[in-house]
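In what follows, a structure is listed as structure tokens, so that the remarks can point back to it.
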Amino acid sequence: MEPFQFQKGNKNNGCEDAPPVAVSSYSIICDGLGGAGSTKYLVSEEGGTVNRTSAYLGSRIVSCATDSYFKENAELLGEYLSEQKSIDIFVQGLKEKITEALERELERLNIEPSKSRTLKVFPTTLASALYFPFGDRLKVLAVWAGDSRVYILSPSKGLQLFSVDDAEGPKGQMNSSSSMNNCISIHNDFRLNYALFEMAEPGVVFCCSDGCFDYMKSPLHFEWLLLNTILECMPEDGSSLGEVFAASVEEYMYESIGDDTTMAGICFCMESIAQMKSLYQGRMAAFGKDAEEMNDYIKQLRAMQSQRDAAKKMLRLLESQVKDAVRTQACRAFTRQTPEPLYDFMVKLPCCRDFFQKAREINENVKEKYGPEAEGAGGRTADLKEECIYLLRCDYVKAKYEAEGGLIPGIVKRPNRAYVGTLAAQVVETCVKMLERTDLGMVVPLSSGGERKPQISVLVEILRRMKNPDARMADFWEQSFCTTSMFEDEHRRLKGDAEFGRMVEEALHEPEKCRFASRLTKQRIQQYQAVAAQERNAARGRFEDIHKKRMEEFVREYYRQREEEILDALSGQLPGTLRQLFQDNPMAGQLNDWAQARRKLNGIGEDIQAAQKKIDSLWEEYRTDYELFNEVGMRGEV
């Protein structure tokens, strides 16, 4: 057996992978976890003191402890490999050895245990393999923790994964997962996994850190690079098969790396470089086409993903302003403001064909609830109307009795048989009625110097003016007189008289045509009409505001529910159509850029799925042999 090993560090402050161990009986690599083990400690080394990360220290502590344990116990284990209990005891002993070494170094370096949920003390992975030859066969016991791996490179089946990552859902995955759920560290209940496999042919067994495989596009790429290195890059005049293989892999496969890269293993049943090339020639011939196809598929997929990402970036840059602009324009169009072409376009879409019906329902609902208020009169209008009707009754009564010769403008004519009581009583009652009227201020001033006059002063003023009454005063007096108790029956009769009611309605609409209405009444009716028009306009304004608000609310919600369908429809239109729909609005250009990106994104989704399907199909064929861990009969964890 030819052991080999190499390491390339990628960190300025020192490689956090421990130096690999490769001997004929076992291989060990440990990958310090730089994220969880980023805490630095001052430690003594040759030449003085230096800062080292917790990950750096942890990988070396665990590697040294494992190396020491294997040296002492591996040979004895070879006699009991058929007994799983013996393997359990062996692995449990390794776990205890590692724990003791970690605790010892913690105490020696005087390090406080970490209380952080994310930071750990001495965190590292472990991948190791022990080799037990039996003639031309080799039993391999893999022991690991974390996401460092143990592989076998078989001449007949190619690259095979022996270990299973301690991560979320690792089985069946083409690429490794970043969500590791087990690693070695102090004061951490870590577990060690193990698996036993018997090789019945020559091959390469190696342990490696994730820097060796995590930057590969797929396991097929990893295998192809290994095979190509063996067949094309290994000089045949090398002194040692293991040294030449390790040097070639290090130089040609990991010329440019993004992580610490460490590998350690053996070449089993191979005596020369020529033999090694001969063994793997057939595998490359049978497998090379699959690797090339996988490479092409992944290149296609990544090119499409780049196009998708570019389209997504364009959408992110434009989406907010384009969506806001389209929403604004669409809502304006739905409320029949502008632009009309956009309205015509939207209402023909399948998702918007119910717009007319729903808009009509909103209109009817608002009219039913607020329409009567808009057509009716407010409180002041109603009061004025009642007052005008009252005055018209008074004028009608006055006209009727004047026609009979019973009333004189100013006071009264000679007593008539219809009059009741004395003239003095009638005059006093008329004065009282005048003082009760709300429109008294139209004929006599009710205040002086900003203060309201006493009623007696107002009454004196009324009597003074009655000596030489003007037209309005005469009308006011006569109307008040016609409301006294002697005319109660007449007023009561007129309230139920349909013909009189018709005349009142005509007078309220056209007071100038009413033959019996006084000038004072006509003036009051005009005031009523002005107030009624004002209140009606205000009510209609409120109605229109409510209607507009309800329609705007409805349109906003209607658009929100159909936004994606409308945007999908717009994204399918040509630039000229978009300019026409938005009437050359400046946002039409941005909308076109956004629509192109959206179309690209929609179209490329199916292409990506098709490319991924090819990758998945080829992967399914490949992983049958690749997932060696599925064939392992004896495995466990402690």
Min side-chain heavy-atom separation [X]-[Y] under 4.5 Å:
X      : Y      : result
Trp619 : Ser218 : no
Thr124 : Ser185 : no
Phe4   : Val249 : no
Thr125 : Asp210 : no
Glu201 : Ser154 : yes
Phe268 : Val205 : no

Scan the side chains in residues 19-35 for donor-acceptor partners under 3.5 Å anywhere in the protein, sequence neighbours excluded, and list what turns up.
from  : atom 1 : to     : atom 2 : distance (Å)
Tyr26 : OH     : Asp67  : O      : 3.4
Tyr26 : OH     : Asp67  : OD1    : 2.4
Ser27 : OG     : Tyr131 : OH     : 2.6

Could you tell me how the ring of [X] sits relative to the ring of [Y]: parallel (under 30°), tilted (30 to 60°) or perpendicular (over 60°)?
X      : Y      : answer
Phe222 : Phe213 : tilted
Phe70  : Phe90  : parallel
Phe122 : Tyr41  : perpendicular

Taking every non-hydrogen atom, the tightest pair across [X] and [Y]:
X      : Y      : answer
Leu231 : Tyr280 : CD1-O, 4.1 Å
Ile89  : Tyr69  : O-OH, 4.2 Å
Tyr297 : Ile615 : CB-CG1, 3.5 Å
Val121 : Ile111 : CG1-CG2, 4.3 Å
Met314 : Ala597 : CG-CB, 3.7 Å

- Task: Please find out if less than 6.0 Å separates the ring center of Tyr194 from that of Trp144.
- Result: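 No, they do not, as the ring centres are separated by 6.0 Å or more.
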
Is any NZ, NE, NH1 or NH2 atom of the basic residue among [X] and [Y] found under 4.0 Å from an Asp or Glu carboxylate oxygen of the other?
X      : Y      : value
Lys85  : Asp88  : no
Arg52  : Glu45  : yes
Lys8   : Asp260 : no
Arg560 : Glu557 : yes
Lys157 : Glu223 : no
Lys171 : Glu627 : no
Asp607 : Arg308 : no
Arg598 : Asp568 : yes
Arg104 : Glu107 : no

- Message: Run Trp594 and Leu315 through side-chain contact (heavy atoms from CB on, under 4.5 Å) and show every step you take.
- Response: CA-CA 6 Å; Trp594 178 84; Leu315 285 178; 3.1 Å; yes

Donor-acceptor pair, side chain of [X] and main chain of [Y], under 3.5 angstrom:
X      : Y      : result
Ser306 : Arg302 : yes
Asn182 : Arg191 : yes
Thr66  : Val62  : yes
Asn175 : Lys217 : yes
Arg599 : Ser571 : yes
Ser68  : Cys64  : no
Arg283 : Leu279 : no
Arg562 : Cys351 : yes
Glu105 : Leu57  : no
Arg635 : Phe629 : yes

With rounding to the nearest 0.5 angstrom, report the [atom1] to [atom2] distance, [X] to [Y].
X      : Y      : atom1 : atom2 : value
Leu225 : Met216 : CG    : CE    : 5.0 Å
Met199 : Gln160 : CE    : CD    : 8.5 Å
Gln5   : Glu250 : CD    : CD    : 10.5 Å
Ser272 : Lys277 : OG    : NZ    : 10.5 Å
Ile98  : Ser63  : CD1   : OG    : 9.5 Å
Ser209 : Glu16  : OG    : CD    : 11.5 Å

- All ring-ring contact (aromatic ring centres under 6.0 Å, His included) counterparts of Trp224, not counting sequence neighbours: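 Testing Trp224 for ring-ring contact (aromatic ring centres under 6.0 Å, His included), a comparison that skips the adjacent residues, returns none.
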
- Task: May I have the step-by-step check of ring-ring contact (aromatic ring centres under 6.0 Å, His included) for Tyr254 and Phe6, ending in yes or no?
- Result: CA-CA 11 Å; Tyr254 300 105; Phe6 78 86; 5.7 Å; yes

- Task: Go through the steps to decide whether Leu42 and Val50 satisfy the test side-chain contact (heavy atoms from CB on, under 4.5 Å), and finish with yes or no.
- Result: CA-CA 6 Å; Leu42 191 64; Val50 64; 5.8 Å; no

- Message: Please evaluate residues Asp166 and Asn193 with respect to the criterion side-chain contact (heavy atoms from CB on, under 4.5 Å), reporting the C-alpha separation (whole Å), side-chain torsions for both, the decisive distance (0.1 Å), and the verdict.
- Response: CA-CA 9 Å; Asp166 286 323; Asn193 311 286; 2.9 Å; yes

- Asp296 and Gln300 side chains, donor-acceptor separation under 3.5 Å: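 Their side chains do not contain a donor-acceptor pair, so the 3.5 Å distance test is not met.
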
[X] atom [atom1], neighbour heavy-atom count above 12 within 6.0 Å:
X      : atom1 : answer
Glu564 : CD    : yes
Lys95  : NZ    : yes
Glu75  : CD    : no

- Query: Quick one: does NZ or CZ of Arg556 land under 6.0 Å from the six-membered ring centre of Tyr559, within 45 degrees of the ring axis?
  - Reply: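 Judged by the rule, Arg556 and Tyr559 form no cation-pi pair.
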
- Task: Apply the test side-chain contact (heavy atoms from CB on, under 4.5 Å) to residues Ile152 and Phe197: give CA-CA distance (whole Å), side-chain angles for both, the deciding distance (0.1 Å), then the verdict.
- Result: CA-CA 10 Å; Ile152 293 175; Phe197 179 72; 3.7 Å; yes

